[in-house]
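It should be emphasised that the depicted structure is a prediction, and the values quoted were computed from it without experimental measurement. Convention: sequence-line order gives letters A, B, ...; per-chain numbering from 1.
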Number of protein chains: 2
Amino acid sequence: MRQTSLRAHNLALVLRLVAASPTPISRARIAGASGLTRATVSTIVDELIAGGLVDFADESRTGVGRPSVGVTLAGTRPAGLGMEVNVDYLATCVIDLAGQVRHREVVLSDQRGRSPAAAWEALAAPAARALAAAAAQGLVVHSGAVALPGLIEDAVVHVAPNLGWHRVALPARIGDLLVDFGNEANLAAFGELHACELSSFLYVSGEIGIGAGIVVNSELFRGTRGWAGELGHVTVDPAGKPCRCGSRGCLEQYAGEDAIREAASLPDAAELVDRAKAGDEATLASLGRAGLALGVALSSTVNLLDLPAVVLGGHFAPLAEWLCPPIEAELRQRVLTARWSSPLIRPSVLGAEATVIGAARTVTQAIINDPARYLASIRP
Amino acid sequence: MRQTSLRAHNLALVLRLVAASPTPISRARIAGASGLTRATVSTIVDELIAGGLVDFADESRTGVGRPSVGVTLAGTRPAGLGMEVNVDYLATCVIDLAGQVRHREVVLSDQRGRSPAAAWEALAAPAARALAAAAAQGLVVHSGAVALPGLIEDAVVHVAPNLGWHRVALPARIGDLLVDFGNEANLAAFGELHACELSSFLYVSGEIGIGAGIVVNSELFRGTRGWAGELGHVTVDPAGKPCRCGSRGCLEQYAGEDAIREAASLPDAAELVDRAKAGDEATLASLGRAGLALGVALSSTVNLLDLPAVVLGGHFAPLAEWLCPPIEAELRQRVLTARWSSPLIRPSVLGAEATVIGAARTVTQAIINDPARYLASIRP
DNA sequence: CGACATTAGTTCAATGGCTGAACAAATCTC
DNA sequence: GAGATTTGTTCAGCCATTGAACTAATGTCG
């Protein structure tokens with residue numbers, strides 16, 4: 001470790017404290033919380049202000065002693081562009097450093113059977129609109145991130161079954177913007193992490209397939225190659241229904257959107273919530289079976305990973321009312337530690353927006369985690 | 001981060017490089033590998049030598065240029081005492097900084113129904129013998145670690161079903177020695193990590209129960225409270241055999257030692273290997289069924305955690321010959337990524353010794369990870 | 001109302017630790 | 001034996017943090 005990395009570390013430390021504070025925080029309090037001296041904090045804050053990452057707040061604290069000048073995250077300079085290519089829609093969003101959503105758009109557009117190149121082309125227009133909207137608000141977008149429903153490693157999609165993609169090399173930029181790529185469920189979990197007060201949970205993403213993001217102590221667990229969280233292919237019944245992955249009895253065959261819809265004899269999954277509310281027998285039975293299967297798979301997951309909470313996201317979120325009871329019953333029975341510490345189950349806070357917001361958040365979070373690199377990149 | 005923590009970080013960085021090198025490594029090469037200057041590395045090595053953590057090697061490299069003086073881990077000063085309290089035996093071992101096993105002892109002693117206090121008393125004698133053996137070799141034992149087959153958190157055993165323990169507070173010392181406590185499977189995985197060349201794997205511990213340790217990028221994944229890895233209670237068949245944990249169809253009911261032995265109609269599990277070698281039909285069938293169940297549970301685990309390898313430890317290690325084929329068949333079918341990257345399955349290198357060695361290793365590894373703290377503790 | 005307590009922020013010399021260049025040491029090659 | 005090569009040391013310089021003294025701005029209380 002070099003000497004300059006000490007400063008890099010402390011820049012990150014201070015910026016993290018500013019980001020974690022809901023209200024403007026004084027340099028004196030930063031010093032107290034970080035263990036640094038007030039002198040050091042002042043020089044570091046000066047550097048962050050010069051780089052446009054934080055700003056002084058207008059109001060100052062009132063009370064005994066000299067009033068403090070609050071420090072907040074800058075609302076304008078580095079923003080993040082999040083994008084999502086999913087089976088039947090494209091989505092974009094822009095968030096600022098503070099995590100505020102400043103622009104959002106969803107374009108219904110079926111990607112099944114389309115080539116990756118066609119998807120990039122389709123994404124170009126909403127991405128350009130997002131950048132324009134950001135510019136209109138004085139935001140400078142630093143870079144972008146794209147969420148995809150597939151297994152991604154080193155800028156290659158190994159497979160994205162529901163898009164029909166296979167071994168697709170990903171572009172380094174969309175337009176002029178540097179972009180990164182990530183798995184849909186992982187990014188949704190990342191988005192949810194910053195929107196709810198939980199710091200460890202399993203985020204279950206119910207889209208056409210079922211994925212999951214594992215968050216432990218506020219960090220995403222990615223596994224060796226970033227492919228952790230394939231909950232949809234956890235075995236629920238070894239001799240069960242064949243799955244298109246080649247296995248049998250995968251969770252997806254019992255709790256996937258298509259499986260629930262078919263078992264409820266519905267032509268369109270969008271009707272599920274209404275039918276369930278209306279008390280439709282077949283729908284309720286189908287949801288009960290899905291909840292049971294989810295309960296079995298989640299129990300195994302919790303036993304393996306020791307997670308205190310499960311967040312139901314994507315299409316599962318609005319169905320939580322009917323899915324939670326059977327899931328909870330299975331967890332109570334099957335989780336070894338449930339007797340004295342039962343896992344919490346609840347719907348996602350962000351719902352369908354979790355994925356794009358999470359993608360955009362990776363951009364801003366990378367800056368917050370390593371401000372020195374960002375500062376070096378904007379003026380060498 | 002303070003200024004002194006820069007030195008602390010670099011002490012660890014240099015010591016880690018020394019520990020990672022199989023042969024003595026020169027200060028010049030440490031400088032090259034660490035990015036520090038030769039000057040800095042020299043002062044840091046001086047400090048480590050003064051603290052007794054490393055030593056200069058006797059021989060020096062021959063070749064063009066000034067011969068280098070190698071640096072190695074010191075073989076004497078801080079050693080670790082590992083202990084294991086298991087269902088039917090107690091074990092102790094002493095390892096030095098370099099990871100060499102310098103003493104080992106196993107005492108057959110049934111702990112079922114004995115109180116925790118009785119277990120500590122039984123452990124005192126072998127622990128004292130280990131300390132004496134260490135002293136006779138000039139080793140200074142720094143502290144100890146005890147492996148237990150149960151769920152442990154903050155020096156409390158929540159439950160250790162096979163020992164019959166429940167909510168047991170653990171002592172901070174055994175004799176005069178500071179001790180720490182850990183889960184048997186986790187510590188075995190930790191031991192195996194340093195004995196094999198894999199850096200990411202699932203260690204499956206087949207004792208009376210079935211546990212697992214999850215290792216990702218050379219780090220143990222502990223979950224939120226340290227209870228990750230309860231593989232034995234992953235559901236293999238939702239409507240299957242009832243388990244004493246209160247659930248149904250747990251892996252332990254199909255692949256636990258008792259389950260395999262009973263299905264093979266054997267009075268003693270020790271005969272399993274001989275019977276299998278002799279080609280006994282019932283034994284082979286029982287092992288086949290166990291392998292299948294293991295395959296199902298491991299497939300789900302690999303899908304969730306993205307692990308490239310599975311190590312069969314404990315009683316599974318000598319049975320690997322018969323367990324591997326059905327496990328591999330299931331993994332090929334059920335692991336989503338198996339088509340292009342099939343997980344490796346293999347028996348443990350350390351076998352039954354993995355757990356105690358892993359426990360002892362936590363002591364020495366803690367010193368290697370934070371030498372500054374150790375140095376401060378031995379002379380304030 | 002004014003002295004004092006209190007809290008925030010700045011200044012500056014001192015310190016700890018790393019760097020880089022020059023140098024000394026030990027070996028090999030030709 | 002001269003030169004090339006590599007290792008390790010010495011030392012001045014630099015960078016970031018520290019700690020104490022100082023200034024600044026407010027509230028409190030007699």
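The side chain to side chain donor-acceptor pair (under 3.5 Å) with A:Asp96 is formed by just one residue from the set A:Arg102, A:Gln137, A:Arg77; it is A:Arg102.
When rounded to the nearest whole Å, the span between CZ of B:Arg29 and P of D:dG8 equals 11 Å. Taking atom CG of residue A:Leu13 and atom C1' of nucleotide D:dT17, one finds them 13 Å apart after rounding to whole Å. Regarding A:His9, its NE2 atom lies at a distance of 17 Å from the P atom of C:dG17, rounded to whole Å. The nearest whole Å value for the distance from the CD1 atom in A:Ile25 to the P atom in C:dA8 is 11 Å. Rounded to an integer number of Å, the gap from CG of A:Asn10 to P of D:dT18 is 8 Å. Counting to the nearest Å, the P atom of D:dG8 and the CD1 atom of B:Ile44 are 15 Å from each other. Regarding B:Leu36, its CG atom lies at a distance of 14 Å from the P atom of C:dG17, rounded to whole Å.
The 12-atom threshold is exceeded at CG of A:Asn217, counting heavy atoms of other residues, nucleotides or ligands nearer than 6.0 Å. Atom CZ of B:Arg29 sits in a sparse spot, with 12 or fewer heavy atoms from other residues, nucleotides or ligands closer than 6.0 Å.
Panel note: side chain B:Ser21, backbone B:Thr23; a donor-acceptor pair is recorded below 3.5 Å.
Within the 4.5 Å cutoff, the side chain of A:Leu73 has no heavy atoms near those of the A:Leu53 side chain.
Phosphate proximity of D:dC15 to A:Arg7: absent, as no side-chain N or O sits under 4.0 Å from OP1 or OP2. Contact check, B:Thr37 against C:dT19: a side-chain N or O comes under 4.0 Å of OP1 or OP2.
Note on A:Val41: nothing from the nucleic acid sits closer than 4.0 angstrom, heavy atoms only. As judged by a 4.0 angstrom heavy-atom cut-off over every strand, A:Thr40 is placed among the base-contacting residues.
Taking the side chain to side chain donor-acceptor pair (under 3.5 Å) definition, one finds that A:Ser143 meets it with nothing, sequence neighbours left out.
Residues B:Ile367 and B:Pro78 come closest through the heavy atom pair CD1-CB, 3.7 Å.
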Can you name the atoms? Protein N/O to nucleotides 10-13 of chain C N/O, anything below 3.5 Å, with the distance.
unit_1: C:dT10; atom_1: OP2; unit_2: A:Arg27; atom_2: NH1; d: 3.3
unit_1: C:dT10; atom_1: OP2; unit_2: A:Ser42; atom_2: OG; d: 2.4

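Residue B:Pro67 places its side chain closer to C:dA26 than to any other of C:dC28, C:dA26, C:dG20.
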